[in-house]
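Scope of the values below: all heavy atoms of this structure, side chains included, with no hydrogens, waters or symmetry mates. For this chain, numbers begin at 1 and follow the sequence in order.
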Amino acid sequence: MVVNDLVSRRFVVIAERRAFSAARRRETMTDHKIGTREEWLAARLELLKAEKALTRRSDELAQWRQRLPWVRIDREYRFETDEGKASLADLFRGRSQLLVYHFMFGPEYTGGCPACSAIADDFNGFAVHLEHHDVAMIAVSRAPIAALQTYKRRMGWKFTWASSLDSDFNYDFNASFSEEQQRSGSIDYNYSTLGTAPGSEGRQDRHRASLDFSGEFAAMTGTDIPTYTREAPGMSAFVLSDDVVYHTYSAYARGLDALWGMYQWFDRAPKGRNETGPWFRRHDEYTRDSQ
């Protein structure tokens with residue numbers, strides 16, 4: 001009886017392994033077009049024409065950004081940095097240009113936004129090059145400076161990060177929103193008005209989904225969706241000329257895609273971004289089984 005049980009179990013294990021192997025084979029089978037090297041090269045050359053056109057267009061847009069009128073900043077903003085209190089002009093640190101990343105880390109968060117964290121993972125590598133070419137680069141969030149310092153140590157980041165907790169900076173540059181703005185039924189983000197009334201549909205739902213992935217990212221910051229979405233990602237550029245600070249450019253939402261290093265690589269991978277939900281984590285939260 002025992003022998004029969006062992007044999008039966010062995011057959012079950014073998015059957016399960018075969019079923020698993022068959023499933024894996026089905027997963028790896030593809031209905032993608034298969035071609036010869038000559039066919040691939042012909043298609044690649046056609047794509048290359050489009051890529052070159054996009055590159056030229058991107059160069060034109062960069063010049064267009066640089067031709068935007070400058071807007072004088074007369075309002076006094078105060079920040080808290082590792083070195084103490086600072087003005088907006090102080091953040092330039094002797095340079096004539098300043099790039100700010102509006103990092104989603106509100107006062108109620110227990111950790112930085114996972115998406116912003118994935119973007120910020122690249123900052124250590126390139127910030128030093130910007131700073132040696134007359135451009136200061138800094139992240140700004142509304143969380144207290146102590147919380148930013150703790151999180152920065154956890155992530156192993158070295159770039160400059162300032163708190164705007166006691167300032168309207170993030171609000172004025174449409175990267176933070178008050179509870180009153182949420183209750184009013186609309187907020188301004190990415191140069192358009194997004195409805196936030198309870199039960200609202202359409203653009204605001206897509207906006208929330210793009211920031212939150214149905215609440216999972218909010219939970220990862222220790223908040224709920226309303227609290228989480230009172231912060232939003234963005235970047236702003238400033239110039240210091242004759243001791244006067246001017247605002248030159250800001251971008252939000254998909255306008256940040258080009259600044260997100262990992263997506264530029266995914267866009268060149270065979271399956272592209274290949275995402276249906278919140279797949280990525282902070283870099284210290286991955287496990288061997290997270291594949």
Side-chain angles (χ1 to χ4, degrees), residues 51 54-68 88 91-93 95-106 111-143 148 151-152 155-162 164 169-170 173-176 189-192 206-207 209-213 217 221 228-229 231-239 247-269 272-275 278-283:
E51 288 178 335
L54 179 61
T55 298
R56 288 191 292 270
R57 182 56 175 161
S58 180
D59 291 341
E60 293 170 359
L61 290 176
Q63 294 171 4
W64 193 347
R65 290 187 198 102
Q66 293 154 22
R67 292 196 299 268
L68 288 175
L88 183 57
L91 299 183
F92 284 77
R93 303 191 305 281
R95 298 165 180 88
S96 71
Q97 301 161 87
L98 172 66
L99 298 178
V100 171
Y101 180 71
H102 301 286
F103 193 118
M104 292 176 64
F105 198 150
C113 164
C116 287
S117 297
I119 294 176
D121 278 337
D122 291 332
F123 293 173
N124 274 357
F126 67 73
V128 63
H129 299 289
L130 295 176
E131 291 171 352
H132 282 81
H133 200 60
D134 194 34
V135 179
M137 189 271 165
I138 188 171
V140 173
S141 303
R142 289 200 309 116
L148 301 183
Y151 191 68
K152 188 165 75 167
M155 295 288 101
W157 294 334
K158 302 297 183 184
F159 59 83
T160 306
W161 201 350
S164 61
F169 180 77
N170 272 32
F173 289 93
N174 300 110
S176 294
Y189 181 68
N190 199 24
Y191 308 103
S192 61
R206 291 194 295 274
H207 167 61
S210 69
L211 294 179
D212 175 64
F213 286 125
F217 279 3
T221 62
Y228 177 74
T229 54
E231 310 298 325
M235 66 80 54
S236 295
F238 303 88
V239 67
H247 175 227
T248 66
Y249 178 76
S250 286
Y252 308 92
R254 290 296 302 276
L256 302 174
D257 260 19
L259 307 181
W260 197 333
M262 74 177 186
Y263 274 135
Q264 306 313 307
W265 285 93
F266 276 128
D267 287 344
R268 289 152 180 82
R273 302 191 180 188
N274 191 33
E275 53 190 0
W279 63 270
F280 57 85
R281 296 292 183 266
R282 301 178 181 97
H283 66 243

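Across all their heavy atoms, Asp121 and His283 have their closest contact at OD1-ND1, 2.8 Å. Between Tyr189 and Pro233, the closest heavy-atom pair is OH-O, 2.7 Å. For the residue pair Ser250 and Phe173, the shortest heavy atom distance occurs at OG-CD2, 4.3 Å. Listed here is the closest heavy atom pair of Ser141 and Leu148: CB-CD2, 3.9 Å. Listed here is the closest heavy atom pair of Gly112 and Thr221: O-CG2, 3.8 Å. Counting all heavy atoms, side chain and backbone alike, Arg95 lies closest to Ala136 at CD-N, 3.5 Å.
No hydrogens or angles considered: nothing links the side chains of Trp279 and Asn274 as a donor-acceptor pair under 3.5 Å. Between Arg268 and Tyr263, the side chains place no donor N or O within less than 3.5 Å of an acceptor N or O (distance only, hydrogens not considered).
Ring pair Phe126/Phe123 is perpendicular by interplanar angle, where above 60° counts as perpendicular and below 30° as parallel. Under the 30°/60° scheme for interplanar angles, the aromatic rings of Phe103 and Tyr101 are found to stand perpendicular. A tilted orientation is assigned to the rings of His247 and Phe238, their planes being inclined by 30° to 60°.
With hydrogens and angles ignored, the 3.5 Å screen pairs a side-chain donor or acceptor of His132 with a backbone N or O of Val128. Although no hydrogens or angles enter the test, the distance criterion places a donor-acceptor pair under 3.5 Å between the side chain of Lys152 and the main chain of Phe159. Side-chain N or O atoms of Asn190 include none that pairs as donor or acceptor with a backbone N or O of Ala253 at under 3.5 Å.
Inter-residue side-chain proximity for Val100 and Phe169 is flagged as met; some heavy-atom pair is nearer than 4.5 Å. Side-chain contact between Met104 and Tyr228 is present, with at least one heavy-atom pair separated by less than 4.5 Å. At a threshold of 4.5 Å between non-hydrogen side-chain atoms, the residues Leu98 and Val239 do not count as touching. The closest side-chain heavy-atom distance from Arg93 to Thr160 is below 4.5 Å.
Separating the CG atom in Asp267 from the CH2 atom in Trp260 is a distance of 11.5 Å, to the nearest 0.5 Å. Here the CD1 atom belonging to Ile119 is positioned 8.0 Å from the SG atom belonging to Cys113, to the nearest 0.5 angstrom. Annotation: the span from Glu60 atom CD to Trp64 atom CH2 amounts to 9.5 Å, rounded to 0.5 Å. Taking CZ from Arg67 and CZ from Arg65, the interatomic distance works out to 11.5 Å, rounded to the nearest 0.5 Å. If you take OG on Ser164 and NE2 on His102, they are separated by 9.0 Å, rounding to the nearest 0.5 Å. Taking CD of Gln264 as the reference point, atom CG of Asp257 lies at 6.5 Å (rounded to 0.5 Å).
Partners of Leu68 by side-chain contact (heavy atoms from CB on, under 4.5 Å), not counting sequence neighbours, listed by chain and number: Tyr249. Ser176 meets the side-chain contact (heavy atoms from CB on, under 4.5 Å) test with Arg142, Asn170, Tyr171, Glu231; sequence neighbours excluded.
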Side chain to side chain contact (heavy atoms under 4.5 Å, CB included) between Leu99 and Ile138: does it pass, once the steps are laid out?
CA-CA 6 Å; Leu99 298 178; Ile138 188 171; over 6 Å; no
What verdict does the side chain to side chain donor-acceptor pair (under 3.5 Å) test give for Tyr151 and Ser117, after you've listed the backbone C-alpha separation in whole Å, the side-chain angles of each residue and the deciding distance to 0.1 Å?
CA-CA 10 Å; Tyr151 191 68; Ser117 297; 2.7 Å; yes
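Between Asp59 and Arg56 no salt bridge is recorded (no basic side-chain N to carboxylate O distance below 4.0 Å).
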